[in-house]
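Within every chain, numbering begins at 1; the chains are lettered A, B, ... in the order of the sequence lines, protein sequences first and strands thereafter. FYI, side chains are in, hydrogens and waters are out, and symmetry mates aren't considered; it's all heavy atoms of this structure.
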2 protein chains.
Amino acid sequence: MTTDVTRNVATMRGLSSRLRPLTKVLPEHARAHNRSLVLQHLFHEGPTSRADLARATQLTRVTISDLVSALIAEGLVEELGVRPGQRVGKPAILVGMRTSAYQIVAVDLTDDMEMRGAVMSLNGAIVVRSQLNIEGRTGADLVDLLARFIRGLIASATQPVLGVGIGSPGVVDPEGLVVEAPNRRWFDVPLAADLADRLGLPVHVANDANIAALAEFTFGNADGDGFMIVTVGQGVGAGVVVDGSPMRGYRNAAGEIGHVTVLAEGGLRCACGRDGCLETVLAVPALRSATAGLSTQDSDAALASAGRLLGTALAPVISALNLSEVLLSGPAELLDGPLRETALEVIRDRTMPAVNAGLTFRMASLDEDVVLSGAAVLVLSGQLGVS
Amino acid sequence: MTTDVTRNVATMRGLSSRLRPLTKVLPEHARAHNRSLVLQHLFHEGPTSRADLARATQLTRVTISDLVSALIAEGLVEELGVRPGQRVGKPAILVGMRTSAYQIVAVDLTDDMEMRGAVMSLNGAIVVRSQLNIEGRTGADLVDLLARFIRGLIASATQPVLGVGIGSPGVVDPEGLVVEAPNRRWFDVPLAADLADRLGLPVHVANDANIAALAEFTFGNADGDGFMIVTVGQGVGAGVVVDGSPMRGYRNAAGEIGHVTVLAEGGLRCACGRDGCLETVLAVPALRSATAGLSTQDSDAALASAGRLLGTALAPVISALNLSEVLLSGPAELLDGPLRETALEVIRDRTMPAVNAGLTFRMASLDEDVVLSGAAVLVLSGQLGVS
DNA sequence: CCCCCTTAGTAAAGGGGGTCTACTAACAAA
DNA sequence: TTTGTTAGTAGACCCCCTTTACTAAGGGGG
């Protein structure tokens, strides 16, 4: 046998990193991947014939038939009859994802005062919506309350529940351990494992801003090549998606941009104990108080000034990562005007053309249910490999 | 088995992204991955017994034996005799990577005046070194010169050459197309494809700062969970590695941090045509002229002031990505003092504890051959899946 | 010294996974 | 009709890893 070293080897990116335990790949993993490929296509493109699936995935029609029949057996996919329209050859049978066959329970814990939840269909549509006042509960009490809340949601589901997704503030590790969420008094709380235990269902937990980014990627039309969403509410958070997957950070704290100092001196005291954080000028309360009772002109100037600081903070990030989009999520009446425009101006001023030429800076396309949608994506991608 | 060739197989992460064409995974890809796993382990951990490889990779001893014998047949791996030391059971036979069986040709095009090249063994040791004055050549001329230069290096190799790696300034796409490298007058030059054609060898090209990051990851001890290297030379560049893989950016311009504006007003004119870029204060010429003829104290102050600007620019990036390390690469007498210390101080001041607590900010561990090492990693990872 | 135990490495059978080839089904157009 | 085209499936085959069982080669205790 002659040497054959001149070939390019498939390194499945990330897997060959020496950091995470080196992980073997088996044929069945390939199978799972290809299965996800099919679901992914059906999810985003809608009903498709097997032959078209084969063309789209580069798999053979035989393999696709096999995968599809397995998915049909699982109840995730169904035949939808012959494709309408006249063309040559045997008519194609469309198969589609049964988006109503399962449901997802999603919870948004962003708000300090209440938890918001929903039962959603697989395509992200909200079927049942519910909220519950937290009444100052924290720590284990809050976990108990959350468990009851979720049980209620599960009970109101009209289809089998695929899993539970939760968006929480604070630092959350990939296993759903809440490392720290000070306002909830959660420190190293194994939220996902705990709830999965109690509920007997798969539970996925992640940072709220991070999954907002996921939601914009999956349900919005954000460019997965690299974009960032800045969420403006009681606080300021961010989520970064690069190459279709969300940045995590070495201690799971990626996106914590609200506490970057943007005012070297004269900044207000921030909840985090330091002065001049971005949050002290960009969070909704800050913007409201900065514009309260001002003339339109003065209020616009105040918003522009916040935008200037935002732009200054974002310019280096956009340059370092060569992002293609920045999304703003939050009250449009505050964000989608002088603030956004000024931020973009500043970013253009402070970055090189190669970086800012293709950049778009716009409002997020999803509304206040972003985090719920993100929680749904968490479940979709965790359980079905779809995103 | 002859040339099974330039089959460029998919990368696993990002495969599920709906952006790039959905790519199937086959059992043989799993095989290739596992093969890389073995090489990866031998590369980083040194000689290992088959049984230990099985434990490390979670594959069975049978599979490992099979993979190893294939690697031995390819000449990439060899048996090294019985493992020394007494213990129970049948003595283990160590197998190791034949790092001297093949060689790599690496070229560093960072410098405006000369190209630097080397023949390296698979473990990154430089066997032959060579440089060539560019004499103002640009464009196609420069490509011709480069081809001749590389041919010379190949001729001086003492072992079969695995491939050619090139670090170029400018924007380079994943296929080795130099999108733009203004100083070289290269615009959309398919450098990798062109040279591969002429040389009959696999050629990999990437941005110099980006592969410097790769080098620190592979040969240094940078934390692949997330770090960034800032290269300070005639210009200022950066490379970001997250989860073991380098950031690319949606237009392959990730790391272009040298042209972020850091001086809103009063900045010097930059080569890029704008004012107050980081490069105008941090590049080596700028630092030298800022410190020339000054007392130690004044010079230190000047360096600290550059450090302050660097820290200010990096703080948002570190926060957004939750990086664990920042490396500085360049002349230590300029960088490794007040500049670095001040930058770190500023970063600590301007980021929240959860982000800066675990952060280290240090000089890169590789010397002026970083880019050459990075070029070697390019080949190693492209041809063998090792990094 | 012998027996037992442990560890290393291999051979053979088996099963999952995808492709290739060949076939049927079902239509449009000539 | 006949011809050509497209959709979908069946069977044979190859790749790849695992399970099971076996051999090889040591240590240690009685």
Hey, what are the protein-to-nucleotides 9-16 of chain D N/O distances that come in under 3.5 Å?
{"from": "D/dT9", "atom 1": "OP2", "to": "A/S65", "atom 2": "OG", "distance (Å)": "2.3"}

Review point. Using a cut-off of 4.0 Å on non-hydrogen atoms, how would the nucleic acid contact of A/I93 be classed: base, sugar-phosphate, or nothing?
Key: sugar-phosphate
Practice item. Calculate the interatomic distance between B/I64 atom CD1 and C/dA11 atom P; express it in whole Å. Key: 16 Å
Exercise for review: May I ask you to decide if B/S387's main-chain N or O and B/T218's side chain share a donor-acceptor pair within less than 3.5 Å?
Suggested key: yes
Exercise for review: Whole angstrom is fine here: how far is it from CG in B/L67 over to C1' in D/dC17?
Suggested key: 10 Å
Check your understanding: Looking just at side-chain N and O atoms, do A/Q58 and B/T23 make a donor-acceptor pair shorter than 3.5 Å?
Key -> no
Could you pull out the protein-nucleic contacts involving nucleotides 27-30 of chain C (nitrogen or oxygen on both sides, under 3.5 Å)?
{"from": "C/dC27", "atom 1": "O2", "to": "A/G89", "atom 2": "N", "distance (Å)": "3.4"}
{"from": "C/dA28", "atom 1": "OP1", "to": "A/Q86", "atom 2": "OE1", "distance (Å)": "2.7"}
{"from": "C/dA28", "atom 1": "OP1", "to": "A/Q86", "atom 2": "NE2", "distance (Å)": "3.2"}

Practice item. Specify the separation, in whole Å, of atom CZ of B/R83 and atom P of D/dA24. Key: 21 Å
Check your understanding: Is a side-chain N or O of A/Q159 found less than 3.5 angstrom from the main chain of A/Q103, in a donor-acceptor match?
Key -> no
Point to revise | Residue met sooner reading DNA chain D from 5', once A/D52 and B/T60 are mapped to nucleotides | key: A/D52
Check your understanding: So do B/L42 and B/T48 actually touch side chain to side chain, heavy atoms under 4.5 Å?
Key -> yes
Revision key, fill the gap. Picking from C/dG18, D/dT18, C/dG9, the nucleotide nearest the side-chain atoms of B/L26 would be C/dG18
Check your understanding: With no hydrogens and no angle check, is any side-chain donor or acceptor of B/S121 less than 3.5 Å from a backbone partner on B/S100?
Key -> no
Practice item. Please work out if A/R35 contacts a base, only the sugar-phosphate, or nothing of the nucleic acid, heavy-atom cut-off 4.0 Å. Key: nothing
Review point. Below 4.0 angstrom, N of the basic side chain to O of the carboxylate: do B/R35 and B/E28 qualify?
Key: no
Review point. Between the main-chain N or O of B/L26 and the side-chain N or O of B/H29, is there a donor-acceptor pair closer than 3.5 Å?
Key: yes
Check your understanding: Taking only residues two or more places apart in sequence or in another chain, which ones pass side-chain hydrogen bond (donor to acceptor under 3.5 Å, both in side chains) with A/E175?
Key -> none
Exercise for review: Determine which nucleotide pairs with C/dG17, using a 3.5 Å limit on both distances of a Watson-Crick or G-U wobble pair.
Suggested key: D/dC14
Review point. Has B/K24 got a side-chain N or O lying under 4.0 Å from the OP1 or OP2 atom of C/dG17?
Key: no
Check your understanding: How far apart are the C-alpha atoms of B/S324 and B/D223, what are their side-chain angles, what is the distance that settles it, and do they pass the side-chain hydrogen bond (donor to acceptor under 3.5 Å, both in side chains) test?
Key -> CA-CA 7 Å; B/S324 83; B/D223 176 2; 2.9 Å; yes
